[in-house]
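Here the structure is laid out as C-alpha cells; the discussion comes afterwards.
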Amino acid sequence: MKHLKLTICLIAFLLAACGNQQQKNMIADTDWMLENNPQRALTILDSLENSSSLNDKERMHLVWNRAKAHQALGMSLAEDEQLPEAIAHYRMDADKQADSYLLEASYLKWTGREVEAVSAIDRGLAAITDPTKRVQLLTAKADILEHLRQYGKAAVVLKEALDHAAPKNERALLNYKIGVNLSLTGNGQSERFFDESIRLATENGDTAMACEFLRNYADYLANNGQYSRSNDMYYQIGRMMPQMSGLSAIQMAMAGNYINLHRLDSARICNERAIKSEAELEAQGYANIARRAVIEQERFLLDYTSGKPASYVDFARYCDSLTSDMLMKENTSTRRLETKSRLQAANYELRLGKQRMGWMLSVAVLLLAVGGVGGYLYYRNRVQRMAEAEDRIDTLTRMLADAQTVLAAETVEQELPKTDDDAFFKKILLQQLGIIRLVASMPTSQNQALLKRISGISGGEIPTHSLLVWSDLYPVIDRLYDNFHTRLMELYGDALTEKEVQICCLLCAGFSTKEIGVITQQSDATIYVRKTSIRKKIGAAEGQDIVACVNSIKG
C-alpha cells in the first residue's frame, strides 16, 4: 500500500511537471534576451500571457521579465498591473534590488506619478551602495526631473552620478547630459561639460558619439547666437566623419547659421546640398517632415531675398503626398499586423497541439513504466512481507516448542531443572499472549485457533502490548534471574525507557533478537538500534553482551 501511494504521488507530480516545464523553460530563456533582444523576449512572454499553470514564483518571473522588456523597448508600463507585486517579491533579492527600484520608478512615471517615482529612486539610493547601480538610479532620476522640466535639479543629480561613473563612455554621456540640462537653464557652464564629453568620447575612440555631441553642441551655440562657432563645430564633424558632412540635417543647420550671419551665398550652397540630401533620404524611405519644413523655409527665405518668386506650392504638395503615403502605410501596416497576428495564433495553436500530443505520448509511456514498476514493487513487497511473516511464525512456533517442555513437566508434576528457567519464562509470556491456553484446550498440530492467533501476533493484527502485563512479568524475571530487573532499575532506571527495560529483561531470559522482535512486534533493525542505544546508556562497549555487563556491576 505504501509503494502504491508513492507511485500515485509520482504520477501526479510528473503529470504536473510535464504541464508547465516547457513554459518555465521559455520564461528562463528570456532572461538573457532582455539585454540583447528585448523584442524577441517580449514576443515569447506575451505568448504565455494567459497561462494558468504557473505557480506564484513562476508568475512573478513572467511579470518581471515582461516589464523589463517593456522598459528596454521604451514602452509604457502602465498596463503592467501585477508589476508592484513582482517588485515586492524581488525587492529582497540582492541581484534584483536595484532593478526593482528602477522598475517601480518607471511604473510610477508611466502612470503619471512622477513625484512618487523620484521618491522611489531616493529610497533605492538609500539602500544601494554599489557604484554602478547608483549611477543607473541617479540617471533615471535625472530623466524624470528632465520630464518635469526641472533641468537645474537634473544637472545636479547627473553631477552626483558623474562622481561614481568609471568607464569613459559613461562619463562622456553624463557630461553631455549635464551640458544639455545646463544649456536649457541658460547656464554658461554647459560649454565646459560639452567640451569634456567630446574629449572623452574622442579619447575612447567612439567617433560616432563624439559627432553626436558636437552636433548638439553646435545647436546650443546657434540658439545662443554663436553662429560662427556653431558652423565650426559642423565643419569639425565633417573632418571626423566625412560621410556625415553632406547630410541634410547638418547642411540645413549650417544654412541657418549663414543666414543669420548674412552670408547668403554660403547659405544658398548649404541649402541646395540639404535639398539634395533630403531627396536621397526620402527615396530610401527616411523622409522627415520637420527637416523638410525647415529646408523649405530656408529656401523660401533665400529666394525672397534674392528677388526670386517665393512659393510654398511644392512643399504643400509634398505634405499632401506624405500624408497620403502615411495613410496608405498605416492601412498596409494594419493589414500586415492582422495577418501576422492570425499566423502567430495559428502557429501557436499548432505548437500547442504538438506539445499536447508529445505530452500525451510521454504520459502514456510514463504510466506504462510506472505501472510496471509499481506492479513489480507491490509484488516484491508482498513476497517480502509473506517471507517475514513466515519467519516470525516459525520463531513464535519455536518459542512455543520450548515452552511446551514446561507444560509437559507440569502435566506429570515434575520439577524443572534450573537450566529451563528460560523456557519457563517463555511459557508465562506465551500464556499472557493466549497461546498456551489454546494449546491446553486442543493440543493438536491442526489447532486452527492456535494457528490463527500465532499468525495474527506475527503479522501485527493482534497487538501484544495490550496482552502482556509487564508488571507481572518483572517479578518473574527477578525470581528466575537473581533480581535482574530490580538491579537494572536501581542502576539505570532513570536512563532507560520502558521499551529498553523490556528488551533487557527479554535478553536476560535468553530471547534472541528475532524472538524479541516478534514479542514486541518490531523489526529486527529496530531491535538492533535499541540495543545500541542501551549499550551507550549503560556504558557497555560496542557488541558487548548487555546482560553480562549489567550482571558484572554489583549493587
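Please read these numbers as outputs of a predicted model, since none were measured by experiment. The analysis underlying the following values was restricted to heavy atoms, covering all of them including side chains, and did not include hydrogens, waters or symmetry mates.
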### Query
Counting only heavy atoms not in Met489, do more than 12 fall under 6.0 Å of its CE?
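Counting neighbours around CE of Met489, more than 12 heavy atoms of other residues, nucleotides or ligands fall under 6.0 Å, so yes.
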### Task
Kindly check if the number of other-residue, nucleotide or ligand heavy atoms within 6.0 Å of CG (Asn36) is above 12?
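Yes.
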Minimum-distance pair of heavy atoms, taken over all atoms of [X] and [Y]:
X: Pro463; Y: Gln521; value: CA-OE1, 3.4 Å
X: Thr520; Y: Ile516; value: OG1-O, 2.7 Å
X: Leu73; Y: Pro38; value: CD2-CG, 3.8 Å
X: Ala105; Y: Ile121; value: CB-CG1, 3.5 Å
X: Leu102; Y: Ala140; value: CD2-CB, 3.6 Å
X: Val550; Y: Leu491; value: O-CD1, 4.4 Å

### Worked verdict on Asp143 versus Lys177 for side-chain contact (heavy atoms from CB on, under 4.5 Å)
CA-CA 10 Å; Asp143 289 342; Lys177 288 187 174 182; 4.0 Å; yes
Output yes when a side-chain donor or acceptor of [X] lies under 3.5 Å from a complementary backbone atom of [Y], and no otherwise.
X: Arg134; Y: Ala161; result: no
X: Asp130; Y: Thr132; result: yes
X: Asp206; Y: Ala201; result: no
X: Ser533; Y: Val529; result: no

### Query
What class does the angle between the rings of Trp64 and Tyr90 fall in, given that below 30° is parallel, 30 to 60° is tilted and above 60° is perpendicular?
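The arrangement is tilted - the two ring planes meet at 30° to 60°.
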### Query
Partners of Asp93 by salt bridge (Lys or Arg N to Asp or Glu O under 4.0 Å), sequence neighbours excluded?
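If we apply the salt bridge (Lys or Arg N to Asp or Glu O under 4.0 Å) test to Asp93, skipping adjacent residues, there are no hits.
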### Task
Could you tell me which residues satisfy ring pair (Phe, Tyr, Trp, His ring centres under 6.0 Å) with Phe484, sequence neighbours excluded, listed by chain and number?
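Phe484: no ring pair (Phe, Tyr, Trp, His ring centres under 6.0 Å) contacts found.
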### Task
For His164, enumerate each residue passing the ring pair (Phe, Tyr, Trp, His ring centres under 6.0 Å) test, keeping only those at least two apart in sequence or located in another chain.
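Counting only residues at least two positions away or on another chain, His164 forms no ring pair (Phe, Tyr, Trp, His ring centres under 6.0 Å).
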### Message
Less than 4.5 Å apart, side chain to side chain, heavy atoms only: is that true for Ile503 and Leu507?
### Response
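Sidechains of Leu507 and Ile503: in contact.
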### Test item: Thr532 and Lys536 side chains (from C-beta on) under 4.5 Å apart, heavy atoms
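Side chain of Thr532 against side chain of Lys536, heavy atoms only: contact under 4.5 Å found.
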### Query
Tell me the side-chain hydrogen bond (donor to acceptor under 3.5 Å, both in side chains) pairs involving residues 99-113, sequence neighbours left out?
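Output for this query lists Lys68-Asp99, Arg91-Ser100, Arg91-Glu104, Glu104-Arg123, Thr111-Arg113.
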What pairs of donor and acceptor atoms, side-chain ones from residues 74-86 against any protein atom, are under 3.5 angstrom apart with sequence neighbours left out?
unit_1	atom_1	unit_2	atom_2	d
Ser76	OG	Ala78	N	3.1
Ser76	OG	Glu79	OE1	3.3
Asp80	OD1	His70	ND1	3.0
Asp80	OD2	His70	ND1	3.3
Glu85	OE2	Arg59	NH2	3.4

Nearest 0.5 Å please: distance from the [atom1] atom of [X] over to the [atom2] atom of [Y].
X: Lys159; Y: Leu174; atom1: NZ; atom2: CG; answer: 12.5 Å
X: Glu160; Y: Leu137; atom1: CD; atom2: CG; answer: 10.5 Å
X: Cys505; Y: Trp470; atom1: SG; atom2: CH2; answer: 6.5 Å

### Residues Glu114, Leu108; criterion side-chain contact (heavy atoms from CB on, under 4.5 Å); working and verdict
CA-CA 6 Å; Glu114 287 88 352; Leu108 292 170; over 6 Å; no
Could you pull out every donor-acceptor pair under 3.5 Å between side chains of residues 537-547 and any protein atom, sequence neighbours left out?
unit_1	atom_1	unit_2	atom_2	d
Lys537	NZ	Ala495	O	3.2
Lys537	NZ	Glu500	OE1	3.0
Lys537	NZ	Glu500	OE2	3.3
Gln544	OE1	Ala541	N	2.9
Asp545	OD2	Val547	N	3.1
Asp545	OD2	Ala548	N	2.6

### Query
Under the criterion side chain to side chain contact (heavy atoms under 4.5 Å, CB included), which of Leu367, Leu366, Val373 is the partner of Val370?
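It is Leu366, the one option of Leu367, Leu366, Val373 that forms the side chain to side chain contact (heavy atoms under 4.5 Å, CB included) with Val370.
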### Polar contact flag, side-chain donor to acceptor under 3.5 angstrom, Lys531-Thr513
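The criterion, which ignores hydrogens and geometry beyond distance, is satisfied for Thr513 and Lys531.
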